Each structure stands twice: as structure tokens, then as C-alpha cells.
2 protein chains.
Amino acid sequence: MPDARVPVSTVVYDALRADILSGRVRPGDGIPSERTLSERFEVNRHAVREAVKRLQQAGLVQVSHGGATRVLDWRRTGGLELLVDLPPEDVGVARAAYELRACIAADVAARAAARATDEDRASLAARAAAFAAAREHCVATDGPVSPGPALLDAYRELWDVLVDATGNIAYRLAYNSLLHGEDAVTAVAVIYLRDELLDAETTDALVAAVLDSDADAARAAAATLTAHTLTALSPTEAPSR
Amino acid sequence: MPDARVPVSTVVYDALRADILSGRVRPGDGIPSERTLSERFEVNRHAVREAVKRLQQAGLVQVSHGGATRVLDWRRTGGLELLVDLPPEDVGVARAAYELRACIAADVAARAAARATDEDRASLAARAAAFAAAREHCVATDGPVSPGPALLDAYRELWDVLVDATGNIAYRLAYNSLLHGEDAVTAVAVIYLRDELLDAETTDALVAAVLDSDADAARAAAATLTAHTLTALSPTEAPSR
DNA sequence: CCTTGCCAACTGGTCCAACCAGTTGCTACC
DNA sequence: GGTAGCAACTGGTTGGACCAGTTGGCAAGG
């Protein structure tokens with residue numbers, strides 16, 4: 001049994017973050033004082049302080065010396081890294097995330113096609129081959145119904161190269177934010193991404209377009225691929241706000 | 001004179017973060033022990049711990065009990081919120097950020113046109129009027145050469161409404177990440193955004209398209225607007241990676 | 001009565017000192 | 001020479017104390 005020692009400050013952080021993101025405490029509310037929290041969680045005040053520092057770093061609370069620590073409106077002050085902390089059971093959140101991914105992916109494909117270096121193209125070809133092999137193996141082993149995590153990993157590595165090939169650090173960081181913690185939802189991600197992962201034809205077209213420096217074709221292929229997943233996520237409904 | 005008291009933990013955090021983001025310490029390197037750092041910065045170990053917690057939260061370091069704290073490759077592990085912490089003098093970073101913004105803005109415009117509620121449309125009309133008024137005032141006061149921060153604020157509020165109208169929390173958070181700390185660079189942002197801020201015709205077309213639920217026209221208008229700024233940021237060069 | 005000023009009781013910020021709990025590497029024993 | 005174990009690191013946690021801002025009520029003055 002993995003003991004999975006979790007630092008007490010992390011316990012406090014997770015609890016407070018969950019209270020804020022779930023709306024149990026509302027923006028403008030004050031959170032209890034550090035001394036009160038340290039009693040409530042039965043930990044030392046220093047641990048509480050470390051947790052509060054992290055909340056502050058995440059843009060969830062505003063701390064003021066002498067005054068109360070207030071909860072901020074994370075929809076206004078939070079950064080993209082909060083996305084993976086939102087309640088994963090909310091399919092609206094998932095759709096929102098994949099819409100953003102679709103938007104960025106199309107641009108990434110186009111810019112990768114326009115800017116990829118020879119080195120990038122070589123990496124892309126290698127990853128594409130690995131992905132194709134994984135797909136073959138997956139279809140042969142699991143059948144076409146349920147692609148495994150291995151295929152998803154190979155697909156991610158493919159996009160990894162594309163993102164790097166854009167030479168744009170902002171795309172890179174946004175991509176990181178969208179992926180962080182996705183390991184926790186890999187199981188469900190595979191379901192949503194099924195059609196996208198198994199569309200070999202369009203994937204090949206995407207790779208070919210990038211290798212051929214055809215930005216428009218690359219963008220179109222990326223759009224087609226991501227559309228599969230958006231369709232899988234209740235296409236007719238707008239995501240919850 | 002504003003004393004601008006900065007908590008010591010923030011001083012340590014800023015120093016360590018700068019060392020990492022600037023590359024003075026490389027991924028895989030170990031950072032000095034907490035006790036060493038507390039001596040070096042002449043602060044208490046708890047202050048160092050709070051700083052390290054924030055570094056950990058930002059995805060810049062990996063802490064392991066008993067072992068050394070190692071620097072991570074922030075280009076792989078960092079989130080979008082790091083973007084505004086990157087050296088602002090690097091024009092490549094600015095171009096990367098505005099490319100991402102352009103990508104998202106086009107999608108935001110299209111989805112806002114498709115999904116805006118009557119309430120959203122009313123807000124949009126109000127903000128559009130306020131922006132137009134600010135532009136008139138700006139041109140009359142400062143001349144067409146240098147739009148002031150007030151115009152930029154009005155423009156941001158306009159986009160604020162559009163982002164909310166998409167009903168997509170991911171767009172909202174990404175938008176937040178792109179704006180955070182931009183106040184620090186408002187002066188330079190105004191220069192880059194000049195042509196975009198003063199293109200009244202296209203701005204009006206964008207608002208009209210959203211009010212008219214014309215997603216394609218909204219996307220096109222947004223693309224035209226953001227293209228102005230990308231052109232201002234050395235259009236012929238790819239951003240530095 | 002109302003205003004004004006001060007002080008006490010909060011809040012967070014910082015420090016010291018100690019100990020617990022993992023990791024690492026050298027050393028001394030087998 | 002191999003290995004068990006001890007020491008000397010590392011981070012994790014605790015307690016207590018004090019400094020430094022903010023807040024609100026209470027009392028003295030108008």
C-alpha cells in the first residue's frame with residue numbers, strides 16, 4: 001500500500017482550493033485567520049502559511065498585512081493552470097478545455113508547417129512513425145473500440161514536436177497548462193479522443209502537410225482531427241459558464 | 001514615498017525564479033539547501049520554504065524529501081502563467097504572446113457571435129460605445145499618434161465581454177494569463193497595439209458581427225485587428241524559441 | 001449630542017530553536 | 001570484496017515568541 005505521504009501544507013492547500021473552486025466560499029469572503037486554520041486542521045501555523053502562499057500564487061486569494069485574507073474571483077484572476085484543478089466531473093469544463101485545444105492546435109499546425117526546421121521535421125517523422133506503429137498495435141490488440149493509454153502517449157508526443165516546431169514559447173506553455181494533470185484523467189480522455197486517435201488518414205495528412213510546409217493544409221487537418229473530439233463532447237450544447 | 005514593503009519570501013522567490021527563467025541555473029541542477037539559502041539571503045528558513053513552495057507551485061522546481069531540490073525544465077513543466085514572468089525585454093516573447101492572443105481572439109469572436117446572450121449583447125454594445133468614446137477623446141487629446149492607457153483599458157473591457165460571452169471558462173482563464181501583469185507593460189503594449197486600437201472600422205465590424213450572430217464575420221474582423229499588432233512585432237521574423 | 005483621538009485586540013510577517021523523517025554516502029565490520 | 005549500518009546531509013513539522021500593520025470600540029474633548 002503506497003503510504004503516499006502528503007505534506008500537511010498540501011492537505012490544507014487542497015482543502016482551501018477545493019472550497020474556493022467549488023464555490024463553497026465566495027469571492028469577497030474572508031477566509032479564517034491563519035491561527036484559526038492551524039487549529040481547525042490541527043497543524044502548525046507555518047504549514048497554513050505555506051498553503052496560503054500557494055493559494056496566493058494561484059491567484060485565488062488576496063492577502064493583506066493586518067487585514068483579512070480575502071477570496072478572489074478566480075474566473076477573473078486565475079490563470080489557465082487552474083483549468084486542470086476544476087471539478088473534472090463537469091463535462092462543460094472538459095468541452096471548454098478541448099475547444100481551447102482545438103483553437104490552439106489549428107494554429108500550431110499552421111505555424112509548425114511554416115517554421116519547422118529540418119531537425120523538427122526529422123523528429124516529427126520519427127514520432128509519426130511511432131504513433132502509426134502504436135495505432136497498429138493498438139488496433140490489433142484491443143480492437144478498434146478502445147485505444148489504450150499508450151496510443152494517447154504517442155499522440156501527445158507527436159503534438160509535442162509540433163508545438164516545439166512553432167518556436168513559440170506561449171503555445172508551449174499553454175499546451176503544458178492544458179496537459180498538466182491530464183494523466184489523472186487519461187482514462188476518460190481516451191474515450192473522448194477515440195475518433196481523433198483512430199483517424200489515421202487525417203493524422204497522416206497533418207504530418208505530410210507540415211513536412212511539406214503547407215500551412216493551410218496543416219491547419220485544415222488539425223481542425224478535422226480536433227473536431228472529432230469536440231463532436232464527442234455534446235456538440236450541440238454550449239459549455240457551462 | 002511608497003515604502004513598497006515586499007515580504008522577504010517574495011524577494012527570495014523573485015530571485016530564484018529569475019535565476020531559473022534566465023537560465024542562470026539549468027534544468028536538472030540542484031538548488032542550495034533551505035538552510036544555505038536562508039543564510040545567503042539572511043532570512044529565516046521559513047521564508048525560504050514559502051518561496052520554494054511558490055516555485056514548486058509554478059512548476060519550476062521539484063522538491064523531494066531528504067534529497068536535493070532540483071530545477072525543472074520550465075519550458076516543459078511551466079504553465080501559461082509563466083509567460084508574463086519571462087524577460088519582458090525579449091521581443092520574441094512579446095510576439096509569441098500576441099500570436100497566441102490572435103489565435104484565441106479569432107475563436108473568441110466567432111464563439112461569442114454564436115453564443116452571446118441578450119445580456120451579453122447589451123454589455124457589448126455598452127462597452128463598444130465606451131470604447132468609441134474613449135477613442136474620440138483620445139484622438140482629440142493626444143492626436144492619432146499615441147493612444148493613452150485609457151483607450152487600452154476600454155479596449156480590454158470590450159474583449160472582456162466577448163470572452164465572457166463565449167461561456168468558455170478555458171478561454172477566460174487563458175485570457176487572464178495573457179493579461180496578468182500586463183499592467184507592468186502597458187506603456188509598451190500601447191505602442192504595439194496602436195494600429196489595432198485605432199482601427200475603428202474593423203472594431204465596429206467586429207461588434208456588429210457579434211451582435212448579428214455572424215460568427216464568420218466576427219472571426220474575420222478579429223483576425224484583421226490582431227494582424228495589425230502582429231505586423232508591428234517584426235512580422236517577418238519567427239519568435240525566438 | 002457628535003466628533004475625534006487613542007488604545008487594545010485582532011490580522012499577517014518574521015524569527016529562533018528544536019526535532020522528526022527521509023536520502024545519501026562513507027566506513028567499518030564480516 | 002561485499003554489505004550492514006551509522007553519520008551527515010536533505011526537506012517536513014512543530015512550538016513559541018515577537019514585530020508590524022489594520023480595525024473597531026471606547027473615552028475624552030468639542
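Order of the sequence lines fixes the chain letters, A, B, ..., with proteins taken first and strands second; residue numbering starts at 1 for each chain. Just so you know, these numbers come straight off a predicted model, no measurement behind them.
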From CG of Asn44(B) over to C1' of dG13(C), roughly how many Å is that when rounded to an integer? 11 Å
Expressed in angstrom and rounded to an integer, what is the separation of Glu34(A) atom CD from dG16(D) atom C1'? 15 Å
First of Ser64(A) and Val43(A) reached from the 5' end of DNA chain D, by closest nucleotide: Val43(A)
Categorize Val52(A) for me: base, sugar-phosphate, or nothing, with a 4.0 angstrom heavy-atom threshold over every strand shown. nothing
Separation of atom CD in Glu50(A) from atom P in dT13(D), rounded to whole Å: 7 Å
Do you see a donor-acceptor pair shorter than 3.5 Å between the side chains of Arg54(A) and Thr10(A)? yes
Ser33(A) or Arg35(B): which one's nearest nucleotide on DNA chain C is closer to the 5' end? Ser33(A)
First locate atom OG1 of Thr69(A), then atom CD of Gln56(A), and finally report the distance between them rounded to the nearest 0.5 Å. 8.0 Å
Give a yes/no answer on whether the side chain of Thr69(B) brings an N or O atom under 4.0 Å of OP1 or OP2 in dG11(D). yes
With respect to the phosphate group of dG12(D), does any side-chain polar atom (N or O) of Arg5(A) fall under 4.0 Å of OP1 or OP2? no
Interatomic distance where CZ belongs to Arg49(A) and C1' belongs to dT13(D) [whole Å]: 15 Å
Would you compute the distance between atom NZ of Lys53(A) and atom OG of Ser9(A) and round it to the nearest 0.5 angstrom? 13.5 Å
N/O donor-acceptor pair, side chain His65(B) with base dG11(D), under 3.5 angstrom: yes
Measure CD/Glu42(A) against C1'/dG15(D) and give the value in whole Å, please. 16 Å
Rounded to whole angstroms, how far apart are CD on Gln62(B) and P on dG11(D)? 13 Å
From CD of Glu39(A) across to C1' of dT14(D) the rounded distance in Å is 15 Å
Mind calculating the distance between CZ (Phe41(A)) and C1' (dT13(D)) to the nearest angstrom? 16 Å
Reckon Arg45(A) has a side-chain N or O less than 4.0 Å from the OP1 or OP2 of dT14(D)? no
Can a side-chain donor-acceptor contact be found between Ser22(A) and Arg24(A) if the only test is distance below 3.5 angstrom? yes
Is it true that the side chains of Ser123(A) and Asp120(A) contain a donor and an acceptor less than 3.5 Å apart? no
Base dG15(D) to side chain His46(A), donor-acceptor N/O within 3.5 Å cut-off: yes
